[in-house]
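In what follows, a structure is listed as structure tokens, so that the remarks can point back to it.
Letters go in sequence order (proteins before strands), and every chain restarts at 1.
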Protein chains: 2
Amino acid sequence: MGKKRVTIQDIAKQSGYSKTAVSFAFNSPDRISKDAVEKILKVARDLDYIPDPTARNFSLGRHMAIGFLVPQSTSIALANPYLQSVMRSISSVCEEHGYMLTLIPPLHSSVSEAVKSATVDGIITMGLSVSKGVADILRRRMLSIVSIDGTGDDDLPSVSIDDTAAAELQMRKVLEYGHRDIAVISLPRAAYSDSSSRSLYLTERRIKGYEKALGEYGMKLSDIMIVQTDATFASGCKAMRKIMEEGKVTAIVSMSDIVALGAWRAARDEGFRVPDDISIMGFDGIDDFTSKELSTIVQSAEDKGRKGAEMLIAMIEGQEHPMTSVDVDFSFREGKTLRNLYGY
Amino acid sequence: MGKKRVTIQDIAKQSGYSKTAVSFAFNSPDRISKDAVEKILKVARDLDYIPDPTARNFSLGRHMAIGFLVPQSTSIALANPYLQSVMRSISSVCEEHGYMLTLIPPLHSSVSEAVKSATVDGIITMGLSVSKGVADILRRRMLSIVSIDGTGDDDLPSVSIDDTAAAELQMRKVLEYGHRDIAVISLPRAAYSDSSSRSLYLTERRIKGYEKALGEYGMKLSDIMIVQTDATFASGCKAMRKIMEEGKVTAIVSMSDIVALGAWRAARDEGFRVPDDISIMGFDGIDDFTSKELSTIVQSAEDKGRKGAEMLIAMIEGQEHPMTSVDVDFSFREGKTLRNLYGY
DNA sequence: CTGTTAGCGCGTTCAC
DNA sequence: GTGAACGCGCTAACAG
């Protein structure tokens, strides 16, 4: 075992040409004679030469890879179907452009460490407020970044929806349908963000939207119940149980579909019928085949991922990127889990 | 813009020490005096020095990344919930060990090209028969590989279940519960394998298991109905409709959960109650929140990913790996879709 | 024990 | 078509 790797040097010697010529044969065949190219490539084939991608990357200062920066441990992040969809769409774009996609979870629990050591050409992130520290590292490393569903307090190229308006729509629908006893299942303040962020968190922007909608009906935030939970199915179950214990509501407004599905499950397990006994309104519009029945606010994951990735690649390849912020549409999807109390 | 990157050289000059000392300060602080370490690190901090990970990788010959080789375009692969689960588990292990996970889709439609240029320390693959060409590149690049759910015809370290035994268990349960009028929904021969594979296909291994279980009850394969279909929800619906037309059975045995879910949907749409009118038994144990009710054979995606990743990392780090093939447990999950005809 | 000198790794590219 | 330098961090060998 362990013959040494074949290097460009070997091909040079064996073919009688110089390293330079060999390099040209691979990368700029026009730069040398057809004859030389052929001879060199033949030797390369005979010796099973594969240019070392590491050395190549080092030399070129390129990796043909972009990093997907995940705020939490991947086991949590990747359990989120919405994130999965976005990621799928990102990876599609990568594929089209010949890039690979590298998952970057916190390294030794540190996002900064991870970003310091990632060998990628740029970074795309989702639901993360890029802290000043991380932004700094990116700058020092001269890495481009695009933020999807960012918090807006970092001044980064971003792709997102108007959370306040979307949440307002979500709540307004519930109110329109006659519900007044409402419980909101919110996400943790930190779930989608870093500790040092200063402006409004996603959670807070959504809450603001709820407040507006409630205001239109003469209600206030204090008139509804708000529980906070992680963005997982299990947490949704738990939150629902808590809500059912504490009081009686006719509608659940969740900030995430996956949580809403958990709530739905818990409701059924307790013998409640949805939407007859209780209505559930989600947020995201995940495409899970079994969850199309969920009434929800749809934000296109496909769109977000694609726009984000294309923006990032354009930045990496040094093209223009005049628009530093892109909005994605959202809409209400009438499922089967929101009952219209005014008849139907 | 674009002050040059700060390099180790700059820190050396500025601190008055040599490059070596700077390197030691970061990587082997014990090698030099505490005093020197401090001074050097201070200068490094002041100048915002980040060791270039590319150069570092090149120098060390390590990347701290493993590649997940995806046979198809990622938009298809990542849509498979089972693959998602496995990937999640892989990435968890990576995280624990400080590795990143890089998705490697075919590059310019070529798996070989992708494998040639991937800067990773090892590769993990799923449901792919690794072709001779690719195996060769891996050898030349001295990359380790582990295959999950491989076809078994390539001689690689692999992780999988004992399909025959699992299928036997699946069928036996159905028989134990009193069913005799059974329809199997099988997968296409090629579904989980490459065209060039020589040994038993997954489908055939499973069928063999069915045969055994049937034998224990004095039955033969010819006593049951077998239909073949793709591993999709829609195909499951279609297959179910066909089955309901053709004859009357009391139990469906599907080789895939997603297909079983499709069958379930079709059954409901036709007014059949599950499991009162007809029982459905799946295979996979996908963790889809809404499908936990499906009676099925669970093969732990979590386990597969974990064992595969741990095996690969052990190989990369040069530890022993005497076992070239690992089996993952499977088990029966009593859901709500399998009726016990002997009462309950 | 501290610290330095002098390469090394490998492909790319400038300047001739 | 080539020689030589380059990118940047790591480390063997060596000196004090």
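Under the ring-ring contact (aromatic ring centres under 6.0 Å, His included) criterion, the residue pairs touching residues 56-79 of chain A are F58(A)-F58(B), with sequence neighbours excluded.
In this structure, the side chain to side chain donor-acceptor pair (under 3.5 Å) partners of S73(A), at least two apart in sequence or on a different chain, are S75(A). Qualifying side chain to side chain donor-acceptor pair (under 3.5 Å) partners for K307(A), counting only residues two or more places apart in sequence or in other chains: D303(A). Considering only residues two or more places apart in sequence or on other chains, R140(B) meets the salt bridge (Lys or Arg N to Asp or Glu O under 4.0 Å) condition with D48(A), D136(B).
Checked against a 6.0 Å centroid threshold, the rings of Y49(A) and F26(A) count as neighbours.
Looking at heavy-atom distances under 4.0 Å, T54(B) makes no contact with the nucleic acid at all.
With axes fitted over five pairs at each extremity, the angle between the ends of the helix from dC1(C)-dG16(D) to dC16(C)-dG1(D) is 40° (10° resolution).
For Y17(B) and dG3(C), the ring-to-base geometry does not satisfy the stacking test (centroid distance below 5.5 Å, interplanar angle below 30°).
The existence of a salt bridge linking E310(A) and R306(A) is confirmed by a sub-4.0 Å separation between a basic side-chain nitrogen and an acidic carboxylate oxygen.
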Check nucleotides 12-16 of chain C for protein N or O atoms closer than 3.5 Å to its own N or O atoms and list the pairs.
| from | atom 1 | to | atom 2 | distance (Å) |
| --- | --- | --- | --- | --- |
| dT12(C) | OP1 | N27(A) | ND2 | 2.9 |
| dT12(C) | OP1 | R56(A) | NE | 2.6 |
| dT12(C) | OP1 | R56(A) | NH2 | 3.3 |
| dT12(C) | OP2 | S23(A) | OG | 2.9 |
| dT12(C) | OP2 | N27(A) | ND2 | 3.1 |
| dT12(C) | O4' | S59(A) | OG | 2.8 |
| dT13(C) | O4 | T20(A) | OG1 | 2.8 |

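R62(B) is listed as a side-chain neighbour of I316(B), based on a closest heavy-atom distance under 4.5 Å. Between V37(B) and I32(B), the closest side-chain pair of non-hydrogen atoms falls below 4.5 Å.
Whole-Å rounding puts the N57(B) CG to dG7(D) C1' distance at 14 Å.
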